[in-house]
Amino acid sequence: MKLPTPLHLWSLSPTRAVSMQKRLAARVHTSALSKDVRLVAGADCAFVESDRIIACWVVWDISDGTLVEKQHVVRAVRFPYVPGLLSFREAPALIAAARKLRTEPHVFMVDGHGLAHPRRFGLACHLGLFLGRPTMGCAKSRLCGVNCDPADRRGAIASLTDREGEIGRVVRTQRGVRPVYVSIGHLITLDDAVRLTLESCTKFRLPEPTRLAHAEVSRLRRSLSLEIA
DNA sequence: GCGACAG
DNA sequence: ATCTTGTCGC
């Protein structure tokens, strides 16, 4: 996959990283997604010995539920986990893995937030700018904002808001499970992000693209752990 | 000062 | 995220 010229280097201090987020947040855009979304890419990361990161992208066909392609990279971890700065830890590896994709996904989904971030610039937004393509976030827990608890039925939705208004939506993807937190990343609308989330959660709480990517990095981590031992 | 805090 | 078996609840 051909990617745009990188917007900046990744060797930044946490303080500089925060400044960078504030600056880049202005470049994020909401826009209608093309009508025929079929290929949905899902990402996830795993860590080995806390010093190496495994980043993977899986391309899932929403029309027939098949796995089209999967690519991954293993790199050295260069940034600590700091709430609000997740992209500086995971994005570099995810971008490298995305370059290896041979198919062109219609939208990229990540395990984390996009706009539903303290500075409105979560991992999904950061990746959206670097990939120059539609992205959205579907997180397992909340980072910021307030919300009501959606009804306990598949498809129930509650608005996630912060001072300026709606920054995402809390979606119950299956009855009897905890809801997921959906927000836009870049070049997509919140309505489409929620729709894609529900269409991708065919049988589990989490979307298939992201769920499959998680299974893949877990498998890769096991084999790498064995090489060490 | 006291919580909250994506993965 | 990661360390980890059985076990409480629907």
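Below, chains carry the letters A, B, ... as their sequence lines are ordered, and counting in each starts from 1. Hydrogens, waters and symmetry mates are skipped; everything else that's a heavy atom, side chains included, is used.
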**Prompt:** Under 6.0 Å from the CZ atom of A/Arg154, do we count more than 12 heavy atoms belonging to anything else shown?
**Reply:** yes
- prompt: When we call it a touch if two heavy atoms are under 4.0 Å apart, what does A/Ala116 touch: a base, just sugar-phosphate, or nothing?
  reply: nothing
Between A/Val177 and A/Arg172 the two heavy atoms that sit nearest each other are O-NH1, 2.9 Å
Members sharing A/Phe47's hydrophobic cluster, built from side-chain contacts under 4.5 Å between Ile, Leu, Val, Met, Phe, Trp and Tyr, are A/Ile53, A/Val77
Reading nucleotides 5-10 of chain C from 5' to 3' and marking B where a protein heavy atom lies under 4.0 Å of the base, S where only the sugar-phosphate is that close, and - otherwise, the string is ------
Side-chain (A/Glu69) to main-chain (A/Thr103) donor-acceptor, under 3.5 angstrom: yes
### Query
Are A/Leu7 and A/Phe108 linked, directly or through other ILVMFWY residues, by side chains that come within less than 4.5 angstrom of each other?
yes
For A/Leu226, the side chain to side chain contact (heavy atoms under 4.5 Å, CB included) test, sequence neighbours excluded, returns none
Taken to the nearest whole Å, CD/A/Glu49 to P/C/dA1 is 17 Å
### Task
Please state whether the phosphate of C/dC3, meaning OP1 or OP2, lies under 4.0 angstrom from any side-chain nitrogen or oxygen of A/Arg221.
yes
So A/Phe121 and A/His126, would you call those rings parallel, tilted or perpendicular, with 30° and 60° as cut-offs?
-> tilted
Its dot-bracket string being built from Watson-Crick and G-U pairs below 3.5 Å, with | for another strand and [ ] for crossing, DNA chain C has the pattern ..........
- Query: So, do A/His8 and A/Phe130 have ring centers that fall under 6.0 Å from each other?
  - Reply: yes
Counting primed atoms, P, OP1 and OP2 as sugar-phosphate and everything else as base, the B/S/- map of nucleotides 2-7 of chain B against protein heavy atoms under 4.0 Å is ---BBB
Given Watson-Crick and G-U pairs under 3.5 Å, DNA chain B in dot-bracket ([ ] crossing, | other strand) is .......
Is A/Leu115 reachable from A/Val110 through a run of hydrophobic residues whose side-chain heavy atoms are each under 4.5 Å from the next?
no
Closest non-hydrogen atoms of A/Gly185 and A/Ile188, given as atom of the first, atom of the second and distance, are N-CG2, 4.1 Å
So, for A/Trp10 and A/Phe88, is the gap between ring centers shorter than 6.0 Å?
-> yes
- Query: With distance as the sole test, does A/Lys100 use its side chain to make a donor-acceptor pair with the main-chain N or O of A/His72 at under 3.5 Å?
  - Reply: yes
Between CG of A/Leu224 and C1' of C/dT2 the distance, given in whole Å, is 15 Å
Interatomic distance, CD@A/Gln71 vs CZ@A/Arg99, rounded to 0.5 Å, equals 12.5 Å
